[in-house]
Amino acid sequence: MYQTKFFQGSDNTELVQLITTIFKTSHDGLAICDRNGYVLLYNDAYLNITGIPADILNNFSYIEQKEMHMVPDSSAARAISTKQTHSVVIHYGNGRTAINTATPLLDQNQELLFVVGNVRDITELNMLQQELEETRQINSSFQRALEQIQSDLDSGGQIIYRSSMMHRIVSLANRFAANDSPVLLLGESGVGKDVLANYIHMESGRPGEFIKINCGAIPDHLLESELFGYEKGAFTGASQAKEGLFELAHSGTIFLDEVGDLPFPLQVKLLNVLQDGKIRRLGGKTQRQVNMRIIAATNSDLESMVEQKTFRQDLYYRLNVLSLTIPPLRERREDIPALIFYYLKKLEWKYQLEIRLETDALEALVDYDWPGNVRELKNVVERSYHMCENGRITYDQLPASIRSAQHSALPLHLAKMEEVLPLKEAVERFEREYIRRILHESSTMQECADKLGVNISTLVRKKRGLGIK
């Protein structure tokens, strides 16, 4: 112990009082034992931190405490046996964790006189470290999740849905992915047939590429060379050989979008490819074996086309081994909010700017019938994101077609309710939609109440009772 010039203590009484005060006020646990390990002095902090009852400290030495397993460990017992300072981390039975340091005091002959013990509570520090580690793990997991989201956003292979209808379709797609049979995807334009095709390819585990071609976007005279490739000199301008898309899809998947637009002569050649698994380049003499999965998609009614002799019946049956029909958005409205927020997150990720979608705007988007399906929804979300002000997409900023459709569609929607409802429920549904519509058209609650011919307290009560936000 060091003593400065400011210390005025002149007798042992003052020194004892000072040391006693230090013992009492110390936040660390302090204990002093003799050479045999019997405790001479200890403070309240020592009792609080270790949880060791005073009766044990008063009657048993540290050596006895350790031998009788009264304590998990004892640095004092170690210091007595080695005459060296020891520090151990002890997890006490009261749930606290502490660094227990024992320092031996030796006389001039290096004989042990006392052992001074210091117990420092590190329970909160450990908790902070644990929380920090958990935070790091959460951040790491969050970063991996963000990277996965970014990968999904980049790849376009993510299927976003919440409806039970789409859950069944995705479950079937998973089962179809396990085999090599052709898959025919049906549904209106823009429902996401290409996304589902890509998903099936990704789940199939095929090592090759996913090759996509729109059969209706390429002129008939070029489509065959795109699909089958050509040899050098096959036609004017063919200065060198070129692989076709069928060859590029070897070990992978080829997606024939809008297969209903495939020219009739090419339908025969496609049928041969499906049956034999072989192709011949334009101008070529040898056949090449290709191992590819064919997924076709169309928004046309192929059965009607077969009846009209514009689509080969045998090709239709060969493509229609496994088929999935993706319903339009208006039939699976539960998916609309999920898709909206997915595309919003995609834009926020790209432009590093968060945007808030107001409740009334979301309700209008959900109520809209989306004739262009997911493709239209994506475009509307992107337009609204860039057109919004003050970081908020409001109802008034939505395209006029959506706002007007919401207003005009109400009576028609109610008139064409497919399900038969009890009168009370039908009236409640009409009341909810009607009040919501008038609210949208009014700038204040008082204006809305005036239009409805009720007082404002009645309107507030109706809103609350009908669950109108």
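Note that the structure is predicted; figures quoted are calculated from it, not measured.
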- For Gly260 and Leu302 the tightest heavy-atom approach is CA-CD2, 4.0 Å
- Message: Is it true that, when you exclude Glu389 itself, more than 12 heavy atoms of the residues, nucleotides or ligands shown sit nearer than 6.0 Å to its CD?
- Response: no
- Item | Side-chain touch Leu315/Leu274, heavy atoms, less than 4.5 angstrom | yes
- salt_bridge(Lys378, Glu382) N-O dist < 4.0 Å: no
- Item | Student check: side-chain heavy atoms of Leu223 and Leu262 closer than 4.5 Å | yes
- Report the distance from atom CD1 of Ile254 to atom CD1 of Ile211, rounding to the nearest 0.5 Å. 7.0 Å
- Salt-bridge test for Arg437 and Glu433: reply yes if a basic N is under 4.0 Å from a carboxylate O, no otherwise. no
- Task: Decide if atom NE2 of His386 counts as having more than 12 heavy atoms of other residues, nucleotides or ligands within a radius under 6.0 Å.
- Result: yes
- Note on the structure: Of all heavy-atom pairs linking Leu184 and Leu319, the shortest is CB-O, 3.7 Å
- Task: Dump the intermediate steps for side-chain hydrogen bond (donor to acceptor under 3.5 Å, both in side chains) on Asn299 and Glu188, then the final yes or no.
- Result: CA-CA 5 Å; Asn299 59 7; Glu188 295 180 3; over 6 Å; no
- Message: For Arg280, is there an ion pair with Glu231 - N to carboxylate O distance below 4.0 angstrom?
- Response: no
- Task: Assess the side chains of Asn291 and Arg206: does a donor N or O sit below 3.5 Å from an acceptor N or O?
- Result: yes
- Task: In sequence, state the C-alpha distance, the side-chain angles, and the governing distance for Leu222 and Asp220, and then conclude on side chain to side chain contact (heavy atoms under 4.5 Å, CB included).
- Result: CA-CA 5 Å; Leu222 295 178; Asp220 294 357; over 6 Å; no
- Task: Could you grab the distance from atom CD1 of Ile122 to atom CD1 of Ile49, nearest 0.5 Å is fine?
- Result: 10.5 Å
- Query: When you measure from the side chain of Lys212 to the backbone N and O of Leu256, does any donor-acceptor pair fall under 3.5 Å?
  - Reply: no
- Message: Are the side chains of Asn174 and Tyr199 in contact, using a 4.5 Å heavy-atom criterion?
- Response: yes
- Message: Testing the 3.5 Å rule here: is there a donor-acceptor pair between the side chains of Glu334 and Tyr161?
- Response: no
- Message: Closer than 3.5 angstrom, by distance alone: can the side chain of Gln397 be matched with the main-chain N or O of Thr394 as a donor-acceptor pair?
- Response: yes
- Quick one: sort the Phe255 and Phe210 rings into parallel, tilted or perpendicular, breaks at 30° and 60°. parallel
- Item | Sidechain N-carboxylate O distance under 4.0 Å for Arg78, Asp73 | yes
- Task: Kindly indicate, with the supporting measurements, whether the criterion salt bridge (Lys or Arg N to Asp or Glu O under 4.0 Å) is fulfilled by Arg403 and Glu441.
- Result: CA-CA 10 Å; Arg403 288 183 279 118; Glu441 295 175 350; over 6 Å; no
- Which residue pairs pass the side-chain hydrogen bond (donor to acceptor under 3.5 Å, both in side chains) test with at least one member in residues 247-268, sequence neighbours excluded? His201-Thr253, Glu247-Arg281
- In terms of heavy-atom contacts, does CD of Glu354 have more than 12 from other residues, nucleotides or ligands at under 6.0 Å? no
- What do the steps show when you test Thr123 against Asp121 for side-chain hydrogen bond (donor to acceptor under 3.5 Å, both in side chains), and what is the final call? CA-CA 6 Å; Thr123 306; Asp121 191 353; 2.6 Å; yes
- Take Val195 and Ile159 through the side chain to side chain contact (heavy atoms under 4.5 Å, CB included) test and state the conclusion after the steps. CA-CA 7 Å; Val195 174; Ile159 298 182; 4.0 Å; yes
- Would you tell me whether Asp28 and Tyr46 have side-chain atoms, one donor and one acceptor, within less than 3.5 Å of each other? no
- Message: Between Arg293 and Ser204, is there a side-chain donor-acceptor contact under 3.5 Å, judged purely by atom types and distance?
- Response: no
- Message: To the closest 0.5 Å, what do you measure between CD1 (Ile336) and CG (Leu365)?
- Response: 8.5 Å
- Task: Return the minimal non-hydrogen interatomic distance between Leu398 and Ala361, and the atom names on each side.
- Result: CD1-O, 3.7 Å
- Query: In this structure, are over 12 heavy atoms from other groups packed under 6.0 Å from Lys278 atom NZ?
  - Reply: no
- Short N-O contact, Lys24 and Asp44, less than 4.0 angstrom: no
- Distance-only, no hydrogens or angles: does the Asn179 side chain make a donor-acceptor pair with backbone N or O of Ser181 under 3.5 Å? yes
- Item | Audit row: Glu224, Tyr230, side-chain hydrogen bond (donor to acceptor under 3.5 Å, both in side chains) steps and yes/no | CA-CA 9 Å; Glu224 183 176 2; Tyr230 52 83; over 6 Å; no
- Query: Are Asn100 and Ser75 close enough that a side-chain donor and a side-chain acceptor fall under 3.5 Å?
  - Reply: yes
- Message: Would Leu322 and Leu172 count as a side chain to side chain contact (heavy atoms under 4.5 Å, CB included) here? Give the steps.
- Response: CA-CA 10 Å; Leu322 302 172; Leu172 281 173; over 6 Å; no
- Are any of the side-chain heavy atoms of Val374 and Leu329 separated by less than 4.5 Å? yes
- Task: Using a strict cut-off of less than 4.0 Å between a Lys/Arg side-chain nitrogen and an Asp/Glu carboxylate oxygen, indicate whether Glu358 and Arg356 qualify as a salt bridge.
- Result: yes
- Are any of the side-chain heavy atoms of His91 and Pro72 separated by less than 4.5 Å? no
- Message: As an exercise, state the distance from CD1 of Ile90 to OG of Ser74, rounded to the nearest 0.5 Å.
- Response: 6.5 Å
- For the pair Glu243 and Arg288, find out whether any cationic side-chain nitrogen is under 4.0 Å from an anionic carboxylate oxygen. no
- For Glu331, does the CD atom have more than 12 heavy-atom neighbours from other residues, nucleotides or ligands under 6.0 Å away? yes
- Message: Looking at Gln240, I want to see if its CD is surrounded by more than 12 non-hydrogen atoms of other residues, nucleotides or ligands under 6.0 Å.
- Response: no
- Task: Could you tell me whether the side chain of Val119 reaches within less than 4.5 Å of the side chain of Ile99, counting heavy atoms only?
- Result: no
- Message: I need the Lys451 NZ to Ile435 CD1 distance, nearest 0.5 Å.
- Response: 13.5 Å
- Any residue meeting side-chain hydrogen bond (donor to acceptor under 3.5 Å, both in side chains) with Glu307, in chain and number order, not counting sequence neighbours: none
- Non-hydrogen atoms of Ala173 and Ile200 that approach each other most closely: CB-CG1, 3.9 Å
- Message: Looking at Arg332, I want to see if its CZ is surrounded by more than 12 non-hydrogen atoms of other residues, nucleotides or ligands under 6.0 Å.
- Response: yes
- Query: Within the distance-only criterion (no hydrogens, no angle test), does the side chain of Ser384 pair as donor or acceptor with the backbone N or O of Val381 below 3.5 angstrom?
  - Reply: no
- Message: Given 3.5 Å as the limit, does a donor-acceptor pair link the side chain of Asn214 with the main chain of Gly216, or not?
- Response: yes
- Query: Do Val71 and Thr50 touch side chain to side chain, with heavy atoms closer than 4.5 Å?
  - Reply: no
- Item | Point-to-point distance, once rounded to the nearest 0.5 Å, from CZ of Arg318 to CG of Asn272 | 11.5 Å
- Query: Is the backbone N or O of Lys345 less than 3.5 Å from a side-chain atom of Lys350, with the two atoms forming a donor-acceptor pair by type?
  - Reply: no
- Between Arg333 and Tyr368, is there a donor-acceptor pair closer than 3.5 Å when you use the side chain of the first and the backbone of the second? yes
- List the steps and the verdict of side-chain hydrogen bond (donor to acceptor under 3.5 Å, both in side chains) for Asn118 and Thr101. CA-CA 5 Å; Asn118 180 277; Thr101 301; 5.4 Å; no
